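When reading the values below, keep in mind they use all heavy atoms of this one structure, side chains included, and skip hydrogens, waters and symmetry mates. Quick caveat, the model's predicted, so the values are computed rather than measured. Note that ligands are numbered from 1 as they come in the structure, with each ligand's atoms numbered from 1 the same way.
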Amino acid sequence: MKEQNAVMRPYIVGNWKMNGVKAMLAEARAIDRAAGRNPGVDVALAPPATLIGPLRDAVTMIGVGGQDCHTAEKGAHTGDMSAVMLADAGADFVILGHSERRRDHGETDAVVKAKAETALAAGLTLIVCVGETLAERDAGQAEAIVGAQVDGSLPVLADPASAGLRLAIAYEPVWAIGTGRVAAVEDVVVMHAAIRERLMAALGEAGAAVRILYGGSVNAENAAALLAAEGVGGALVGGASLTTEAFLPIIAAASHED
Ligand code: PGA
């Protein structure tokens, strides 16, 4: 058993991205039943916003979350969604600063931080994503880039002592997302330790309780090794969270690490 996980339950989160119509609720129900069989693991799904309400009604054991929210609570922002609306639809958490949002929508650390503060005010917990590109890694800048993202994206917490309950970080190297190319376990351990240092610097002792997830091509084959690695508190899973068949072995692997 890892020292860190003695105090923190593993957190396995499926990010469905822009995938999923009502027919997918059957998968969510099966994932929910599997979560019930693995009570030592915190399991959650972030479906497209259109499915948050129906999915909330379909499950009982797992967390339900959004994939983004606006910086404002409401207003003239056609097509956008606020944290208040996500919470109202039944979400408990929101993923913020995913590299696909940073890339497709030009989200900066400052925008992610503003969204994070609005989401906390709406009562949501957060998964804040950080990660370097391949060019940044090849240039030896991965730790500096990710460290700056953590510093710039972290919200100011009204009660910093509660950081572990309100916030998780997902380390997702951009080059590992959806590519089948998973990061080496040794590199993940080094980066998670670097992120932990930043969290401790920003939050003091409370930074020790913030779970740091790994994301990027996690699947049934590589999950056990990643989840057993020092400092890895769970996984943010894209492609392999879309079917029960692919997702359940990852939940089971986390169960062995709790
Ligand atoms: P992937 O996506 O598991 O499909 O690589 C992970 C993510 O983007 O959260």
query = What's in the same ILVMFWY side-chain cluster as L134, cut-off under 4.5 Å, chained through other members?
reply = W175

request  = Tell me which one of G178, G180, G238 gets a heavy atom nearest to atom 5 (O) of ligand 1.
outcome  = G178

note = For E172, the atoms of ligand 1 under 4.0 Å from one of its heavy atoms are 6 (C), 7 (C), 8 (O), 9 (O)

ask   = Does the side chain of T133 pick up a donor-acceptor pair with the side chain of R103 at under 3.5 Å?
value = no

query = Between H98 and E172, is any side-chain donor less than 3.5 angstrom from a side-chain acceptor?
reply = yes

ask   = Judged by non-hydrogen atoms, does G215 sit under 4.0 Å from ligand 1?
value = no

For G239, the ligand 1 atoms whose distance to one of its heavy atoms is below 4.0 Å = 1 (P), 3 (O), 4 (O)

ask   = Mind checking what makes side chain to side chain donor-acceptor pair (under 3.5 Å) contact with D68, not counting sequence neighbours?
value = R101, K115

query = Which atoms of ligand 1 are found less than 4.0 Å from any heavy atom of N15?
reply = 9 (O)

query = Are R102 and D109 ion-paired here, with the side-chain N under 4.0 Å from a carboxylate O?
reply = yes

task = May I ask you to list the atoms of ligand 1 that are less than 4.0 angstrom from any heavy atom of H98?
result = 7 (C), 8 (O), 9 (O)

Any A176 heavy atom less than 4.0 Å from ligand 1 = yes

query = Under 4.5 Å between any side-chain heavy atoms of L236 and I12, yes or no?
reply = no

message = Using a 4.0 Å cut-off to any heavy atom of G216, which atoms of ligand 1 qualify?
response = 5 (O)

ask   = At a 4.0 Å cut-off, with the gap strictly under it, does some heavy atom of A240 reach an atom of ligand 1?
value = no

